[in-house]
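As structure tokens, the structure follows; a few thoughts come after it.
All values reported here derive from a predicted model rather than from experimental measurement.
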Amino acid sequence: MLEPLSSNAFQVKRRASTLLELLTAITLLGATAYVCFTLIWPVFFKASRLLSRGNEELSVQNALRLLRSDVAGSGPAGRSFYPSGKNWVMGLVPLEQTDPEGKPRWQKTLILYRYSASPQILSRRTFSQMTWPDGSPRLTGETPVLFSHAELLNLVLQENTRVIAKNIQADAWPELQATWKFRHTEAQSKGRTFYFDLAGFL
């Protein structure tokens, strides 16, 4: 005659079954996660790289549009440009408008650009209400006084200069032609050349 199983034996058997189910579930979950990571992560990583590259190219385009706009708005009398090897620094005093007598007037603002070839970055900063050492206004709205190379470099060393484009390779300032070339050199990309049209205001 068979004896009924005790409650203790039933609980042990139940626990063993539950533990087996748990281990099976963990194994299946781990395998699923591994497959998903192996298949999806490369796609996600590539998409992320493409998005990052696209954003960086867009920042280069926007930076060159801003530079072109600032150069066009300055006029030759308000432009101080100093190349030094592959590097250069540029100070721009924007034209404001003509006065009632038709005489041009300039803003009391300096826009400073600097290109550094080694880290391949383009930076920009604006200075307002500038003064001479004696406290008199540096920019009065009349014909702007050109800035020296040393003055612009000294301003570059001050804080809050904003980098507006990275991984960008600039050609020398074009003296005879009207196109200035900038090449986007982001790693693992084919690179892209942006043409900066200077026609009409060189």
Quick check: do Leu139 and Thr109 have side-chain heavy atoms less than 4.5 Å from each other?
no
Trp106 (side chain) donor-acceptor with Ser74 (main chain) under 3.5 angstrom:
yes
Within the structure provided, determine whether Met130 and Leu155 are in side-chain contact (heavy-atom separation under 4.5 Å).
yes
Heavy-atom side-chain proximity of Phe81 to Leu146 below 4.5 angstrom
no
Counting only heavy atoms not in Arg124, do more than 12 sit closer than 6.0 Å to its CZ atom?
yes
Do Val71 and Tyr113 make a side-chain contact, defined as non-hydrogen atoms from C-beta onward lying under 4.5 Å apart?
no
Closest heavy-atom pair and its distance - Ile168, Thr185
N-OG1, 4.0 Å
Point-to-point distance, once rounded to the nearest 0.5 Å, from CZ of Arg125 to CZ of Arg162:
12.0 Å
Mind checking whether Arg138 and Phe147 have side chains closer than 4.5 Å, heavy atoms only?
yes
Quick one: CG on Asp70 to CZ on Arg79, what's the gap to the nearest 0.5 Å?
11.0 Å
With side chains defined as the heavy atoms from C-beta onward, is the minimum distance between Gln169 and Tyr115 less than 4.5 Å?
yes
Under a 3.5 Å distance rule, please check whether Ser84 uses its side chain to pair with a backbone N or O of Asn87 as donor and acceptor.
no
So, do Leu110 and Leu152 sit near enough that their side-chain heavy atoms are less than 4.5 Å apart?
yes
Measure the spacing between CG of Leu66 and CG of Leu122 and express it to the nearest 0.5 Å.
9.0 Å
Taking all atoms of both residues into account, what is the closest heavy-atom pair of Lys166 and His184, and its distance?
O-CD2, 4.1 Å
CG of Leu64 to OG of Ser69: how many Å apart, nearest 0.5 Å?
12.5 Å
Do you know the tightest heavy-atom contact between Pro83 and Trp88?
CA-CB, 3.8 Å
Using every non-hydrogen atom in the two residues, find where Pro144 and Gly78 come nearest and quote the distance to one decimal.
CG-CA, 3.7 Å
Which heavy atom in Arg105 sits nearest to a heavy atom in Thr140, and how many Å separate them?
NH2-O, 3.5 Å
Tell me whether Ile121 is reachable from Ile164 by hopping between hydrophobic residues (I, L, V, M, F, W, Y) whose side-chain heavy atoms are closer than 4.5 Å.
no
